[in-house]
**Student:** 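Below you will find the structure I want to go over with you.
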Amino acid sequence: MDAAAAGAYEIDAGNLAEQKSSNQQVKNIAQHLVQDHTKANDQLMGIAQSEGVVVNAQPNADQNQLLDQLRQANGSSFDSTYLQQQAKGHREVIAKFEAEARTGTGAAKNFAKQTLPTLREHLQMVTTEMNKLSQP
């Protein structure tokens, strides 16, 4: 459930970044994240369906607040807010996926193991861009 909500948030936030950012690298990162999270959410929904679990792939209340912050931000403030949200969100999701990969079972454990390298790549891309933007 958490993974589906996080993926939906990532997709929505990435779509906003593709529309609102004036920084081409931020747009490129957003596009990459949207593609990867769309693919992962599709896989996750398939797993849930095969397990008979109903999953609502919508951002949760906290994630909707983050999306509202993005909708209100503009220019370099938007880029900074987007990247900070992505870094924080990916750190949190990576921790949850690491726990699932260690202690989970079945398809969920395999999904976590399979998805972790991509999540780590996302965090690295976001962190690298944050560092570039913070340099004078």
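We use all heavy atoms of the structure for the numbers below, so side chains are in, but hydrogens, waters and symmetry mates are not. Position 1 is the first residue of the sequence; numbering continues from there. A quick note: this is a predicted structure, and the numbers were derived from the prediction, not measured.
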**Student:** Going by side-chain contact (heavy atoms from CB on, under 4.5 Å), name the residues that satisfy it together with V55, two or more places apart in sequence or in a different chain.
**Tutor:**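 In terms of side-chain contact (heavy atoms from CB on, under 4.5 Å), with neighbours along the sequence ignored, V55 is linked to M1, A4, M45, A48, V53.
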**Student:** Do any pairs count as a salt bridge (Lys or Arg N to Asp or Glu O under 4.0 Å) and have a residue in residues 58-87, sequence neighbours left out, and if so which ones?
**Tutor:**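 The answer is D68-R71.
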**Student:** Identify, with sequence neighbours excluded, every residue that meets salt bridge (charged side-chain N to carboxylate O under 4.0 Å, His left out) alongside K39.
**Tutor:**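 Salt bridge (charged side-chain N to carboxylate O under 4.0 Å, His left out) list for K39, sorted by chain: empty.
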**Student:** Return each pair, listed once, that meets salt bridge (Lys or Arg N to Asp or Glu O under 4.0 Å) where at least one residue sits in residues 26-36; pairs must be two or more places apart or across chains.
**Tutor:**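 As it turns out, there is no salt bridge (Lys or Arg N to Asp or Glu O under 4.0 Å) pair with a partner in residues 26-36 once direct neighbours are skipped.
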**Student:** With sequence neighbours excluded, give me every ring-ring contact (aromatic ring centres under 6.0 Å, His included) pair touching residues 10-60.
**Tutor:**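 As it turns out, the ring-ring contact (aromatic ring centres under 6.0 Å, His included) pairs with a partner in residues 10-60, which skip direct neighbours, are H32-H122, H37-H90, H37-H122.
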**Student:** Once side-chain contact (heavy atoms from CB on, under 4.5 Å) is applied, do any residues pair with Q31, and if so which ones, sequence neighbours excluded?
**Tutor:**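 Q31: side-chain contact (heavy atoms from CB on, under 4.5 Å) contacts with E18, Q35.
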**Student:** Which residue pairs pass the ring-ring contact (aromatic ring centres under 6.0 Å, His included) test with at least one member in residues 48-78, sequence neighbours excluded?
**Tutor:**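 Those involving residues 48-78 do not exist here.
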**Student:** Could you note down all residue pairs passing side-chain hydrogen bond (donor to acceptor under 3.5 Å, both in side chains) where residues 100-118 supplies at least one of them, sequence neighbours left out?
**Tutor:**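 Counting only pairs at least two positions apart or across chains, no side-chain hydrogen bond (donor to acceptor under 3.5 Å, both in side chains) contact touches residues 100-118.
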**Student:** Holding to side-chain contact (heavy atoms from CB on, under 4.5 Å), I want the full list of residues that pass it with A6, two or more places apart in sequence or in another chain.
**Tutor:**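 Q63, V93.
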**Student:** For residues 118-127, pull every pair meeting salt bridge (Lys or Arg N to Asp or Glu O under 4.0 Å), keeping only residues two or more places apart or in separate chains.
**Tutor:**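 Qualifying pairs: E98-R120.
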**Student:** Sequence neighbours left out, what passes side chain to side chain donor-acceptor pair (under 3.5 Å) with R91? Give chain and number order.
**Tutor:**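 Counting only residues at least two positions away or on another chain, R91 forms no side chain to side chain donor-acceptor pair (under 3.5 Å).
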**Student:** Output all residues satisfying side chain to side chain donor-acceptor pair (under 3.5 Å) with E92, sequence neighbours left out; order by chain, then residue number.
**Tutor:**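 E92: side chain to side chain donor-acceptor pair (under 3.5 Å) contacts with K88.
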